[in-house]
Amino acid sequence: AGAGHDIFASWVAEPFKDCWVVWGHRSSMQRKQLVGFQRRDLSCRSAVDGSELNDKACRGLQRPRQWRRCDCGVVVCHELPGTAKQQLREIHSELGAIASGSR
């Protein structure tokens with residue numbers, strides 16, 4: 001496995017879960033607007049038998065996005081629980097990487 005990963009391993013992305021509402025930034029001309037995000041579980045799995053592996057086995061492989069924006073006008077959005085500060089940091093980190101083109 002010279003590429004730094006197990007050739008019999010791959011990332012498996014589950015379907016995106018419910019859309020959660022996060023308040024957007026207040027601009028001088030607009031009211032706050034609702035922004036929704038969806039999260040999905042990712043795991044590194046054996047391509048031979050589907051068993052879950054340590055993430056290190058997938059090192060070097062492109063990891064699928066774990067977060068995406070969703071349109072609250074199209075899907076039902078839920079209010080983000082008060083204990084979701086870590087999730088917010090994860091959202092901002094991943095979406096920032098996407099916006100900058102590094103993902």
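Of all heavy-atom pairs between Leu61 and Trp11, the closest is O-NE1, 3.6 Å. Of all non-hydrogen atoms in Ala57 and Ala9, the two that sit nearest each other are O-CB, 3.6 Å. The two residues Gln38 and Cys19 come nearest to each other via the heavy atoms CG-CA, 3.7 Å. Contact between Gln66 and Phe16 at its shortest, heavy atoms only, is O-CE2, 3.8 Å.
Phe37 is not listed as a side-chain neighbour of Arg68, based on a closest heavy-atom distance of 4.5 Å or more. In this structure the side chain of Trp20 never reaches within 4.5 angstrom of the side chain of Cys77, judged on heavy atoms. Counting heavy atoms from C-beta on, the side chains of Pro64 and Leu42 come closer than 4.5 Å. Here the side chains of Asp41 and Lys17 are in contact, with some heavy-atom distance below 4.5 Å.
Remark: side-chain polar atoms of Ser43 are not paired, donor with acceptor, to backbone N or O of Arg45 under 3.5 angstrom. Not one N or O on the side chain of Arg65 forms a donor-acceptor pair closer than 3.5 Å with the backbone of Arg40.
To the nearest 0.5 Å, the span separating CZ on Arg63 from SG on Cys44 amounts to 9.5 Å.
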